[in-house]
Amino acid sequence: MLNEPKFRRYVWAPILINLLIYGFGAWAVSHYFGLAMDGLIPAWLDWLRWLLWPLFALVLFVLAFFSFTLIANLIGAPFYGVLARRVHEEITGRQPAASDASWLRELTRGVGSEAGRMAYIASRALMLLPTFLVPVLNILSSAIWLLFGAWGLALEYYAYPLELRGLSFADQRNLARRNRIDTLAFGGAVMLGLSIPILNIFIPPAAVIGATLYLNRTDERA
């Protein structure tokens, strides 16, 4: 469904905006890093550039890789809300309960909801940090963090179709808990996709579509 004309604009718009931001950011950081080296490295240490530039490129890649999803979700939030609505209308033939045609309201609501989810996930992540320090428990910390990551990603992408039903974030978490295995499986699949460079660009809109399809089919089975 990512490439269907009726959904394409909501898929490509946030991707292109994100790529432009990262492209400009990479150019700006590289430009000023080069100027800094020109001013700080004397001619007799010019050989250091051959060491510093690859290190700089590696650090830049790591930062971009780990921040891409965060920035993509903030930028894409208003687009993904509309995408979830369009997919819902396509597969059910009716508008969702909390349908809202106002783009401005969709924008502010989407960004506000995204910020709230990020605050929730960040607060729980801080609570889990000590697991790396507690003896015995630190052996299981990697598995705990993987499960937490899957849970957080599922909540992230469940939110778009569930908000169309008028469910609060607390209600969304309760629904996820009632279907804990499905929630972790969905979040784990999203996590796997996000770990693959290039493919990860398309995972956020695909996850929104997948969450919308899954939740509607769950309703049909119920």
Side-chain angles (χ1 to χ4, degrees), residues 1-26 60-88 90-91 106-107 110-111 113-122 124-125 142-143 145-164 169 172-173 175-176 179-218:
M1 298 180 77
L2 284 174
N3 200 40
E4 291 188 15
K6 65 186 73 175
F7 306 129
R8 202 176 293 160
R9 72 184 73 174
Y10 309 113
V11 172
W12 281 103
I15 289 175
L16 292 176
I17 293 171
N18 212 28
L19 291 176
L20 285 173
I21 290 174
Y22 271 89
F24 176 77
L60 193 63
F61 173 80
V62 171
L63 289 175
F65 181 80
F66 285 103
S67 66
F68 186 87
T69 302
L70 176 67
I71 303 300
N73 287 337
L74 278 173
I75 292 172
F79 296 96
Y80 297 154
V82 179
L83 176 61
R85 184 195 307 164
R86 295 289 182 263
V87 172
H88 175 91
E90 174 71 14
I91 61 179
E106 191 75 53
L107 174 64
V111 174
S113 298
E114 182 63 32
R117 288 191 294 274
M118 287 184 177
Y120 166 84
I121 292 171
R124 270 58 181 181
S142 296
W145 276 92
L146 284 173
L147 290 172
F148 174 71
W151 177 261
L153 286 170
L155 290 180
E156 172 68 32
Y157 296 108
Y158 275 4
Y160 297 104
L162 290 178
E163 284 177 354
L164 295 177
F169 188 40
Q172 294 170 28
R173 297 198 303 272
L175 186 147
N179 300 277
R180 190 172 281 107
I181 300 300
D182 284 359
T183 297
L184 291 173
F186 175 77
V190 174
M191 184 187 298
L192 177 62
L194 289 173
S195 69
I196 303 173
I198 307 301
L199 179 64
N200 63 351
I201 295 174
F202 300 96
I203 292 300
V208 173
I209 294 173
T212 307
L213 293 172
Y214 163 71
L215 291 166
N216 276 278
R217 288 172 183 171
T218 300

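These numbers come from the heavy atoms of this one structure, side chains and all, not from hydrogens, waters or symmetry mates.
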**OP:** Mind checking the CZ-CG spacing from F169 to L162? Nearest 0.5 Å is all I need.
**Re:** 10.5 Å
**OP:** Check the pair V11 / N3 against side chain to side chain contact (heavy atoms under 4.5 Å, CB included), numbers first and verdict last.
**Re:** CA-CA 8 Å; V11 172; N3 200 40; over 6 Å; no
**OP:** Indicate the atoms forming the closest heavy-atom contact of A84 with P161, along with that distance.
**Re:** CB-N, 4.0 Å
Subject >> salt bridge (Lys or Arg N to Asp or Glu O under 4.0 Å) partners of R86, counting only residues at least two apart >> reply: E89
Original post:
How are the rings of F148 and W145 set relative to one another: parallel (under 30°), tilted (30 to 60°) or perpendicular (over 60°)?
Top reply: perpendicular
Original post:
To the nearest 0.5 Å, how far apart are CD1 in I201 and CG in L16?
Top reply: 10.0 Å
Original post:
Looking at P14 and R9, what are the two nearest heavy atoms and their distance?
Top reply: CD-O, 4.3 Å
Subject >> Cation-pi geometry met for R8 and Y10 (6.0 Å, 45°) >> reply: no
Original post:
Is the backbone of A154 close enough, under 3.5 Å, to the side chain of T183 for a donor and an acceptor to pair up by distance?
Top reply: no
Subject >> Nearest atoms (heavy-atom pairs only) where Y160 meets G81 >> reply: CD2-N, 3.7 Å
Original post:
Do any pairs count as a ring-ring contact (aromatic ring centres under 6.0 Å, His included) and have a residue in residues 180-209, sequence neighbours left out, and if so which ones?
Top reply: W12-F202, Y158-F186
Subject >> Nearest non-hydrogen partners of A176 and L155, listed with the distance >> reply: CB-CD2, 3.9 Å
**OP:** Taking all non-hydrogen atoms of both residues into account, name the closest pair between G187 and L153 and its distance.
**Re:** O-CD1, 4.0 Å
Subject >> Test item: N200 and S195 side chains (from C-beta on) under 4.5 Å apart, heavy atoms >> reply: no
**OP:** Please report the closest heavy-atom contact between V87 and F7, naming both atoms and the distance.
**Re:** N-CE2, 3.8 Å
Original post:
To the nearest 0.5 Å, how far apart are OG1 in T212 and CE in M1?
Top reply: 8.5 Å
Subject >> Approximate separation, where rounding is to 0.5 Å, of Y80 OH and E156 CD >> reply: 9.5 Å
Original post:
So do the side chains of M191 and L146 get within less than 4.5 Å of each other, counting heavy atoms only?
Top reply: yes
Original post:
Which distance, rounded to the nearest 0.5 Å, do you find between the CG of N216 and the CD of E90?
Top reply: 12.0 Å
Original post:
Y157 versus P204: any side-chain heavy-atom pair under 4.5 Å?
Top reply: yes
Original post:
Out of V208, I196, L192, V190, which one pairs with I203 under the side-chain contact (heavy atoms from CB on, under 4.5 Å) rule?
Top reply: V190
Original post:
So do Y214 and I209 actually touch side chain to side chain, heavy atoms under 4.5 Å?
Top reply: no
Original post:
What pairs with E4 under side chain to side chain donor-acceptor pair (under 3.5 Å), at least two apart in sequence or on another chain?
Top reply: none
